[in-house]
Amino acid sequence: MILVTGSSGRVGRAVVAALRAKGRRVRGFDLRPSGVDGNEVIGSLEDAAKLVEAVHGVTDILHLGAFMSWAPADRDLMFSVNVEGTRRLLDAASAAGVRRFVFASSGEIYPENRPEFLPVTEDHPLKPNSPYGLNKLLGEEMVRFHQRTGSIETVVLRFSHTQDASELLDEDSFFSGPRFFLRPRIRQQESFGNTAVADLLRSKDIGTPAHVLARNQNGRPFCMHITDTRDMVSGILLALDHPDAAGGIFNLGGNEPTDFSELLPRMAALTDLPVVAVDFPGDGVYYHTSNEQIRNTLGFEAEWTIDRMLEEAAVARQRRLAGETRQ
Ligand code: NAD
C-alpha cells in the first residue's frame, strides 16, 4: 500500500490516479476529500493520531501534502503543517517500518529566484529566502536524518514550479492569476502588504483586464521553469520505484525555462487581452534549473513543453468562458 499525502492537491490527485491506473494499492491523506472514490484518510498533518492511522499497513509514502503560502499571516500554520507535520509523518513512517519515503521539496531552497550560478544543480548552496523555502529545507534535513539513522529509504525531489496546463490562462488560479494577470497581481501584493509594488502595478492599470509581463528593475523579463503536473507525476513514480533513487536528491522539472517576453505575447494572442510590462524593483526572477541528474540516473523525460501546455490552456479557458456565459 502506498500512502500519498496531499492527495486532493494538484500533484497528489494526479499521482493517485496514475498509481490506481497501474493497479497499485493507494491510500490518500489530505485535509479535504478528493471527491474520488477510494481509500482516503481525511485529517491534518498536525494530528499525530491521524498520521498513525494513515501509515497503518503502508509500504511507501509519497509526501506531497503541504501548506503553500507566501502571506506573512500564514507563517505559524505553515511551520506547524510543513515542518512539524513532516517530522510527525516521518516518525510514524519509521515506527510502521515503511520502506521508501519520497519528499516533495522545492527549488525555493536554493533559492532559484536568487541563484549563485546557472543552471541550478543539486550541489547549489541551500540558502532559502522565504519561510516556505525554509520549511522545505528543514523538511529535507529531517528526511536526511531518517535516511542516516533509520531504516527508511528516502528520496528528495526538489520540485520545479508546477501547474496544471488548464491553470495557465485562468486569472482566478492560485499561481497563474497573479503571475500573468495584472489585477490579480495587484490583489496579491495588497494581501502581502507590499504597498509600494501594489501602487506601482495600479499605476499600470489601463482600465481593462490585462496581462502583466514581469521584468526586473533593468527591464530584463522574468524567466523560470513552469512544469506540467503530468511530468512531475512521471518523476515521482520513478522516485517511488527506481532502485537507484534510494538516498537520492534530484531536481525534478521540465528541460527548459520559459522566457516571459516570449510567453506573454503568446498568452495574449490566446486571451485577446493586452499586455502591460512592469519593471519590478530588484533582480527579478531569472533561472534555469538542471534536471540532468534525474534524467541520467532514473531515466526521467519531460514531455509537456510550454507549447503543449498552452494549447490545453486555451481550450480550458474557452470552456470556462462558455460556462460563465451560460450561467
Ligand atoms: P496543492 O496545494 O495543490 O496540494 C497540497 C495539498 O496538501 C492540498 O490538497 C492540501 O489540502 C493539502 N494540505 C494542506 N495542509 C494540509 C494539512 N495540514 N494536512 C493534510 N493535508 C494538507 O500543491 P501541489 O502543487 O500539488 O504541490 C504538491 C507538493 O509539491 C507540495 O508539497 C508543495 O509544497 C510542493 N511544491 C509544489 C510546487 C508547485 O509549483 N506546485 C513547487 C515546489 C514544490
Side-chain angles (χ1 to χ4, degrees), residues 5-6 9-12 44-46 51 61-94 98 100-150 152-162 174-175 192 224-225 227 232 235-236 239 245-253 257 282-283 285-294 297:
T5 71
R10 180 184 291 103
V11 180
S44 174
L45 287 157
E46 297 176 281
L51 290 174
I61 298 182
L62 303 177
H63 181 32
L64 312 177
F67 178 41
M68 274 193 284
S69 174
W70 287 264
D74 289 335
R75 198 161 294 183
D76 285 351
L77 180 59
M78 237 178 28
F79 275 82
S80 173
V81 173
N82 299 343
V83 181
E84 270 297 283
T86 298
R87 182 189 67 78
R88 287 187 202 98
L89 180 63
L90 278 161
D91 285 346
S94 175
V98 161
R100 188 171 285 193
F101 186 100
V102 178
F103 176 60
S105 182
S106 163
E108 282 212 26
I109 61 161
Y110 294 124
E112 286 166 325
N113 62 5
R114 199 164 295 164
E116 293 184 7
F117 54 79
L118 293 174
V120 178
T121 46
E122 286 82 352
D123 56 1
H124 187 285
L126 306 179
K127 299 177 181 174
N129 60 8
S130 66
Y132 169 74
L134 176 59
N135 280 188
K136 290 296 184 184
L137 180 56
L138 294 170
E140 281 199 15
E141 273 309 330
M142 292 185 288
V143 168
R144 280 191 278 272
F145 173 81
H146 276 265
Q147 169 77 28
R148 208 164 48 233
T149 61
I152 310 180
E153 288 178 5
T154 66
V155 188
V156 169
L157 296 176
R158 293 179 179 155
F159 279 23
S160 153
H161 177 67
T162 303
F174 180 70
F175 287 128
F192 288 176
M224 60 180 279
H225 285 267
T227 304
M232 300 304 285
I236 292 163
I249 297 176
F250 303 96
N251 290 336
L252 174 59
D283 296 336
V285 177
Y286 192 90
Y287 65 82
H288 174 193
T289 302
S290 170
N291 63 5
E292 212 176 295
Q293 194 154 314
I294 193 162
T297 314

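The basis for the numbers below is simple: all heavy atoms, side chains too, and nothing from hydrogens, waters or symmetry mates.
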Please list, chain by chain and in numerical order, all residues satisfying salt bridge (charged side-chain N to carboxylate O under 4.0 Å, His left out) with Arg88, sequence neighbours excluded.
Glu84
Side chains of [X] and [Y] in contact at under 4.5 Å (non-hydrogen atoms):
X: Phe117; Y: Pro125; answer: yes
X: Ile61; Y: Arg100; answer: no
X: Phe159; Y: Asn251; answer: no

Whether over 12 other heavy atoms sit under 6.0 Å from [X] [atom1]:
X: Glu292; atom1: CD; result: no
X: Asp123; atom1: CG; result: yes
X: Tyr286; atom1: OH; result: no

What heavy-atom pair brings [X] and [Y] nearest, and what distance separates the two atoms?
X: Val156; Y: Ser105; answer: CG1-CB, 3.9 Å
X: Thr227; Y: Ser160; answer: OG1-OG, 2.7 Å
X: Glu46; Y: Ser80; answer: OE2-OG, 2.6 Å
X: Val120; Y: Pro115; answer: CG2-CB, 3.8 Å

Between [Y] and [X], do the side chains contain a donor N or O and an acceptor N or O under 3.5 Å apart?
X: His63; Y: Thr86; result: yes
X: Tyr287; Y: Arg114; result: no
X: Thr289; Y: Glu112; result: yes
X: Tyr132; Y: Asp74; result: no

Can Ile236 and Leu157 be said to form a side chain to side chain contact (heavy atoms under 4.5 Å, CB included), step by step?
CA-CA 8 Å; Ile236 292 163; Leu157 296 176; 3.9 Å; yes
Go through it in stages, so that I can follow the logic: the residues are Phe101 and His146, the test is side chain to side chain contact (heavy atoms under 4.5 Å, CB included), and I'd like the CA-CA distance, side-chain angles, deciding distance and then a yes or no.
CA-CA 10 Å; Phe101 186 100; His146 276 265; over 6 Å; no
Test your reading of the model: is there a side-chain donor-acceptor pair from [X] to the backbone of [Y], 3.5 Å cut-off?
X: Asn82; Y: Ala66; answer: no
X: Ser106; Y: Glu108; answer: yes
X: Arg158; Y: Ile249; answer: no
X: Gln147; Y: Thr154; answer: yes
X: Glu116; Y: Tyr110; answer: no
X: Ser290; Y: Pro119; answer: no
X: Thr5; Y: Gly65; answer: yes
X: Ser94; Y: Leu90; answer: no
X: Thr297; Y: Gln293; answer: yes

Spacing of [X] atom [atom1] and [Y] atom [atom2] [to the nearest 0.5 Å]:
X: Leu89; Y: Leu45; atom1: CG; atom2: CG; result: 6.5 Å
X: Asn135; Y: Ser130; atom1: CG; atom2: OG; result: 8.0 Å
X: Leu126; Y: Ile109; atom1: CG; atom2: CD1; result: 4.5 Å
X: His225; Y: Leu252; atom1: NE2; atom2: CG; result: 11.0 Å
X: Asn291; Y: His288; atom1: CG; atom2: NE2; result: 7.0 Å
X: Arg75; Y: Phe79; atom1: CZ; atom2: CZ; result: 7.0 Å

Restricting to side-chain contact (heavy atoms from CB on, under 4.5 Å), what partner residues turn up for Phe174, sequence neighbours left out?
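Only Arg10, Trp70 meet the side-chain contact (heavy atoms from CB on, under 4.5 Å) criterion with Phe174.
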Hey, are Lys136 and Glu140 close enough for a salt bridge, meaning a charged N less than 4.0 Å from a carboxylate O?
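Looking at Lys136 and Glu140, the cut-off is not met.
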His161 ring center within less than 6.0 Å of Phe175 ring center:
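Distance test on ring centres: under 6.0 Å, yes.
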